[in-house]
Structure formats: C-alpha cells, structure tokens
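Report on the structure given below.
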Amino acid sequence: MFRRRPEARPAPRDRLVDVYVAGAVVRVPEGASAAAAVLLSSAPAIRTTPVSGAPRLPYCMIGICFDCLAEIDGVANRQACLVPVAPGMRIEPQQGPRAARPDHNAPEAA
Amino acid sequence: MSYDLAIVGAGPAGMAAAIEATALGLSVTVLDEQAAPGGQVFRAVESASGDPALAGEFLDAGGALTASFRGVTTIAYRPSSTLWHLAPDTGALSLKAGGASSELAARRVLLATGAQERPVPIPGWTLPGVMSAGAAQILLKTAGAVPQGAVVIAGQGPLCWLLAVQLLRAGVGPLTLLETGAGGALWDAFRAGGLWTGRRLLGKGVALVREAKRRGLQVVRGVRDLRAEGDAHVQAVHWHGGSLPCDTLLLHEGVIPSTHITRALGLDHDWNARQLCWRPRLDPWGATSHPNVAVAGDGGGIGGWEAAVASGRLAAIDAAHRLGKLDAAARDARAAAPRISLRSALSLRPFLDRLYAPAPTVLAPADDTIVCRCEEITGGQIREAARLGATGPNQVKAFLRAGMGPCQGRMCGTVVAGLIAEIRGASMEEVGALRPRAPFKPMTVGELAREPQDAAA
Amino acid sequence: MISATQTLQGETRDAIVVGGGLVGAAIAYGLQRQGLSTLMLDEGDIAHRASRGNFGLIWVQSKGLGAPHYQHWTHGSAKAWPGLAEDLSEATGIGVGLHQPGGLHFCFSDAEMAQRDALMGQLRREAGNAGYEYRMLSVAELRDMVPGLGPKVVGASWTPYDGHASPLHLLRALHAAFQRAGGHYRPNARVEAVTAAPHDFSVSLGTAIVRAPRLVLASGLGNADLAPLVGLAAPLRPERGQILVTERTREVLALPTHVVRQTDEGSLLLGDSKEDMGFDTLSQTPAIMRAIAQRAVQTFPWIAELNIVRAWAALRVMSPDGKPIYDESERCPGAFLANCHSGVTLAGAHAHLLAPMIAAGALAPEMSPFSARRFDVQKAA
C-alpha cells in the first residue's frame, strides 16, 4: 500500500532492516515500526477481527486504535506501531482471536 | 528511584519542561512510549533529517528542540516505556518496558501526553486502506514512505494542508482534498480576530495552501456524508454529490487532547463545545485539580507545538516553585518569556477553531456506522441502548461492550457519549465520559505478575 | 414546574423498586411478570454499581456453611436459572451466556484439599434431604477437564450445580425484558425522601413524587440509608473487589473456576480480591492487581502471555455475616428489602421466587432466617 522513497531518503545499507511480513521479505528503514513494515508489504490485512472476521490494517500509527495488533516473533496481539523493526523480525497477520497456548511452555512467571 | 519531577511524554511539551526543570535544579525523569524523542509532531525527527518532503519547521525546530533535550544528560530519559498506573497521592508510577514492570516515585507528575486525532466514524472507516491523515504523516516521518495510487485526504484542519504539501513534494499523485468545513466558516473565523498577532502563523498557513495548489492538489469544498466503499480494501470514496476512486483514504477532523490518563485519575474536565472535546481543567501554570499533577501541551488543550513548548516551560517553573526551588517573585519573572510566547502561539487559535470547527456530525454517525472499532458496535446499537435507559458511556459499555476492547475506549468514548446526548436530549456534561482504569495500556498477565523492579537511574 | 398532585396522578404504580442493578432489575422484572405495574428507579452513569463489577459466577459450592436456608436458596436459584435465561432470550433476543457445567475450586496443598473436603462434607450433611453432590478431584482427573494446570495445583472440589453467565448481558436483558413487559424505568432518580403508610409509599425524587402500595429497596449499599425510613435495617459495608480481564482468545476453558472463567466473547476474567477501601472505586492498587495475576498464573501458567485489556474495582455489598438480607417491614407493611453480593447467582431466585412472594404481599416463612433481625440477636448475645 505504501512505498519507500530511496531516492529522497538514501539510507546506507546498514540502516535498512529486512523483516518478514507473512513470510515475504520487506526492507524497512531502521527505527520504523512493524506496522510500517506491514504497510510497505503487499499484505492485504494485518489481522482479521475477533468479532466479525473483518480485515484491518493499521489506522492511527500512534498507539491509540489497536488496529495494528499482530503476531510479532511468535508473540500474539502486539501493537505493531509501537514495535521498532529488528533484523529478521517475523510479523504474522492474526486471524480472529488469538489462541491461548496451554500446551506451550509458558514464560517463567512469579 | 525517586525524582522531583516525572514527565510523561517526550514531545515538545515534555522535552521543554524537562530542560527547564533541570535548569532550575530539579531531578527529572521523562518516560515515553516511543523509542526516540519528538512526540508525534516531531516524530523520528532525528532519523528523518535530509528528507526534502519534510523540509521546514519539522526538521528545523523539531531537530533543534530534540538536540537540546538530548544535550541535557542529567535528565533520566526512559524511551520505550509505558506508564500503566499512577497513584497521584503518593507519586508512585508503574511502568512497563521490555516485558518487565518497574516502579519509581516522583514528588510531582507532569502529564505531557499530547493529542490524538479525532476519530472520524464514517461508513467504511474500518476498511483496509482507510487511515488517519496523521498516520500517513507518521509513515513519511519514520520510513520516508508514501501511499501508492490514488490518494484522497478527507476532512479539515491545518494538518490536511501540511500533509498534502508533504505528500505532493514526495511525488504522490493524484491527490485530492475533500474539505468538510461548512460554507461561511471563513467569514465567521475572521470575526474571531487575532489575525494581526497571529500574522506569522497565518502566513505559514497561507504559504502552505499556495504551495499545495501550485503542486496540483485538487480540492473539493463543502463535502458532507462521506462514505468509504470497497470489498476487502477501500476502492472509492463517496460524498453527497460526488465520488472518486481511491486506493488510500486519509481522514482528519482535527486533533483533540488525549485525556485517557487524566480521566483515569479522576481529574476535573470541561467540555469544549466549539472543539467538541474534553479538556482537563487547568490553572495558568497547567496545574490540575490534583495538587501533585500538572498537564502541559496539547493534552491540556490544542495549541500546537509552540504553545506546547511554552506550557511545558511554565509547568516546569511552577513545579520548581512548588518544590521550593523558586520563590513566587522568581517564578513570575522566569515565566514572563514563556507567557509571551504562549500568547503568541495561541493568538491564531480562535480563528482556526472557527475556520475548522468540527461538524456536529462527527459525534452523530449514522446507525449503520461502526463506532467502537474494537467490539464493532454501531451507532444504531448505541442509540438503542440509550433508549433502553443508559444515561452515560459507562452504562453503554456495560450493555454493549463499546469501549471494552484493547483501545479501552480511546476511539469510541466521546462518540458514544455524543450519541447518548442526542437520544436523551442531554448535554455532554450530563452524559459524562468513560472512566478508564489501569492498566492504561494492555500488558500481559506475566508482566503484571512479576514483582516490579525499582526503576534504575 | 409540575405540581405534586399532577405527578401523583401520573405516577402511581403497583410497585416501586429502588435500584436498577442486578438485584433490583431481577425483582422488578419478576414483579412486572406477575402483572404488577412496576417502576424501577435507578442511579445515573457513575454509580457504585456492583452489577458492573460482578465476576459472573453462578456459584453454589461453599455457599451457606452453617446456614442451610442460604445453601437451599442458592441451590434453588441455580435451578431457576435455565428458565430465567430462556425467558429473557425469548423476550429480548439477548443471550446471557449461561453455562452450568459445574465448577472447580482449586487447592494448592494436601492440607487445603483435606480442609476443602471437610467443608464440602459438612455442606452435604447440612443439605439433608435436598442433597448436595460434590467430588474431590485429583490432578489426573482435572487434566481431562481443564488444560495446562500449574505444578502447584494438587486438586480441586467440584459440584455439578455451578456455572456462569455474563453479568452485563444479564443486566441489559433484565432491563429490556422489564421494559418490554410494560415496566417503567427512570434513571438519574435519586431517592430524596420516603413517606410511608401501610401499603402506601410516596417516594420523592426531588423533581417528582412517585407512589405505590409496594416498595422494594434493592439499592445495594444505598439501602443502609433508605431502610430506616420504612422501619427496616440494612447494616452493610462495602468490600472492594478487583478483577482483571484479558483480550479475547479462542475457547480454552470449558468450565468456570473460582479464580478464572472464560466468557462467551473469549475474554478470561481473573479474580478476585477483597479490600476494605470504603467507597473508593477509583483508585487501584497495583499490589492487589499483581496478587490476582500471580494467583491466575499459579493456577494456569499459560495465562502469563495473555494481555490484560482492562481491570476494574467494584464494591461488594456485605452484611455482617456475608449472607443476604431479605426483609419485610412490620411497621410499614408493603415495604421489602433485598441485599446480597451475589446478584448473578441469585438472579434466578430473585426473579422467579422472591418477586412472586413480594407480589403476593408477604415473604414465605422459610425466608425469616434472612431477616436483618438476626443481627439484633447476635448483638444481644
């Protein structure tokens, strides 16, 4: 949906980060968010809603609307617009409500 | 750790307050949800330097302020930190950062949490491809990215013109602005006065409009009954008397103070009938109805970044006075300069507030329009709940789940209240507002369960 | 300005219920169903509304130790619930999310298990002919019922009577069914004065006066002030509870437990806590929230990775012995009072058992142990 402008923002190679959106590589400037990566990809949606299954993409980009919830590096329902990209990051669109994972080794907690 | 002053938000108000308070001898910490300082207005200014599309105030003023802030190394700056609870009586702040919870204490708290764009509930606004105008600007600032294909900006306010210019400079096109302002608003606005004092700001605005038109912006005025249509992505925007194909629809009806935390603290607020938004009740120093809490910047009322800088400095000076670093005479002397710049920065507000007065329809979406994006509750359902007897947004939340999703009512709260006011023939003051709760942002059960660390210096 | 006489003529009903929470709405709905033209008075948007803070359990186990009448009442309500849910759904189309698959109370040590077994055994003995079925379940048995138990869980008690429902859908359904049956609802109606004569009550709301031969006080903690006006007593104190709610997840918990339940929408509710904070529902205590989170994680470690999207504090309506108060006035016949902190569990009883008694004009004799007079006896002794 969006495109970068390498001609206007000539970023050195080491300031570009390759991440995976739904398995496809997307090149994103360092410091941009996972939500920006999704909008730079060809993914039609970042999630489908848990209520009706409607597709959504990020709406506000400032951490207010929560439409950018996505699974990032295996962690579900993260606010993608507040997560800076990191090399090799995997961003997966979520389908409906997340799953709880009783059989998964839970993170160590109190 | 314990500080004299904890500042929430590293936008212009927070940064200016931190610099001023440190200069006055206070120990200061600044928490910010973002990874870099700047707030939304100067978002990513450090990494965007050199982008011609953003040339001007953003790079110049934003870059300078951010550099000054970085230069004061005694400020305990905590990026990527989210405040999830605040106990104003004791000054205990609970944060989460990097998956862990921590606590710190402050003698005084300054909320500089800024503004959010007013939600624009029109039919189809949840479709992929529809987003806020500010969101597109964030993409430009943080990634140098621009929307592809046909782009339509719909709404009103200075940001529409600024964004149009920035997108056109960046090579976006075709670009159309559908202006929703009422006819005659300009003449009403002239009567507000302030044009001479605000001539510098007015000049900036006029230059923007000229540049936008020179670069080929198509403008349609007097647009109403906006509607986004498409299957799994927006394909067209319709309005009363027209339509356009579009790949990206950017909505904007002005910005409103973010009152999530001030509401959660139970502070006094006033309804602003002209701007159709709530504002925390503040004294001339930014002090709220709680003796330990102040607000600066757009979170206290929309004024733009220059006003935010001035109000941040004033709040810092007041904090220094309250904490015994300045006597009243020294406080007032120190405040003289920021007071003048605040007055100058706000001089054009009455004009702008009238020129871009939001249409009452932003609080009265049609029955089939989704109002609560999280729980997908429509205007019609909310009207029905109001008819059933719900007198305020908290009861509607209980009845319908509107405001119960992850955004915690940030998007729908005021619109829900507006619909109740319409059905019950009540004022917004009578209907009231949602009462948010901690955690102010979602956090995992595990983050909460772990014993908090004392926040390191 | 409307004159008092005009108002009197306009607003005379068969019954007035003060309180529009779960207790008041269930009774008002029950009265309207009995054919009484009923007026329900309610507060506004910001009220100490315990109904909005209810955890949503229909909980029979562990209720009424040493008080067989309370055990019996609770059990009866659980039995009345399916009928109530069906009636409400038929009348309003609102599903209240009722499930009664039985419920679990977890134990974290062998000593706790033994103690729990003894308590459940005592309840069974006290139930007498009414019967009280329960089982103590080992971890091995529990594994087939709930997923991913924490290593510290050693077992649980189970009764088939327990269940859960959505307090919020229930509240809306009761309001909608009440109004569809012809009931009159008046929000923002704060009771300023009550004039009482036998079978003739006038309630002043400041701008209006309403009148009826029956008056039911069901205003939660507000009853403490109202009860003396009609010759009754409601010695109540607020007990604050906090609850955490996670984001929606796919179905994972098939039956409710005393610390966690999954709603029909998919959220997990984590509860609950007890604090003495007066009437403060605004402030929240991170330490209490943390304790709730820790207990949930101890029970189900996988909950740790779910996001809490909201939390709330609400006030339970506690009597000195924690049991409900149901009373009728001797001095002012026609005045009744209902107070409890189990608005969901007892909704079936309130709508289907209590309301008919009030409509008939007197509480049944077996209700007498619920009278607040029991506290006078305690004081005297």
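In the text below, chain A, chain B and the rest are named by the order of the sequence lines, each starting its count at 1.
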Handout entry: Proximal component of A:Ile62, with respect to chain B [non-hydrogen, under 4.5 Å]
Key = both
Fill in the blank from the handout: Smallest heavy-atom separation, A:Ala32 atom then B:Thr142 atom, equals CB-O, 3.8 Å
Fill in the blank from the handout: If one checks every heavy atom of B:Ala44 against chain A at 4.5 Å, the contacting part turns out to be neither
Problem - Heavy-atom pair count under 4.5 Å with chain A, highest-scoring of B:Glu375, B:Glu117, B:Glu447 - result: B:Glu375
Exercise for the section: Could you tell me whether the side chains of B:Ser47 and A:Glu30 share a donor-acceptor contact shorter than 3.5 Å? Expected result: no
Exercise for the section: Identify which part of B:Ile377 has an atom lying under 4.5 Å from any heavy atom of chain A, answering side chain, backbone, both or neither. Expected result: neither
Handout entry: Residues of residues 89-98 of chain A within contact distance of chain B, non-hydrogen under 4.5 Å
Key = none
Handout entry: Structural part of A:Val51 lying under 4.5 Å from a heavy atom of chain B
Key = both
Handout entry: From OH (A:Tyr59) to OG1 (B:Thr126), nearest 0.5 Å
Key = 10.0 Å
Handout entry: Atom CD of B:Gln148: over 12 foreign heavy atoms under 6.0 Å
Key = yes
Practice task
First locate atom SG of A:Cys65, then atom CE of B:Met131, and finally report the distance between them rounded to the nearest 0.5 Å.
Solution key: 8.5 Å
Problem - chain A contact via B:Lys141 - which portion, at a heavy-atom distance below 4.5 Å - result: backbone
Exercise for the section: Count the heavy-atom pairs under 4.5 Å between each of B:Ala136, B:Cys374, B:Ala145, B:Gly405 and chain A, then report the option with the highest count. Expected result: B:Ala145
Handout entry: Proximal component of B:Gln34, with respect to chain A [non-hydrogen, under 4.5 Å]
Key = side chain
Practice task
Between chain B and each of A:Gln79, A:Arg5, A:Met61, count heavy-atom pairs under 4.5 Å; write down the option with the most.
Solution key: A:Arg5
Problem - Distance, nearest 0.5 Å, that separates CG of B:Leu140 from CZ of A:Arg9 - result: 6.5 Å
Practice task
Give a yes or no answer on whether the side chain of B:Arg410 reaches the backbone of A:Ile64 with a donor-acceptor pair at less than 3.5 Å.
Solution key: no
Problem - Part of B:Ala133 within contact of chain A (heavy atom distance under 4.5 Å) - result: neither
Handout entry: Side chain / backbone / both / neither for A:Pro55 at chain B, heavy atoms under 4.5 Å
Key = both
Exercise for the section: Could you check A:Phe66 against B:Met411 for side chain to side chain contact (heavy atoms under 4.5 Å, CB included), going step by step and ending with a plain yes or no? Expected result: CA-CA 9 Å; A:Phe66 287 77; B:Met411 296 296 284; over 6 Å; no
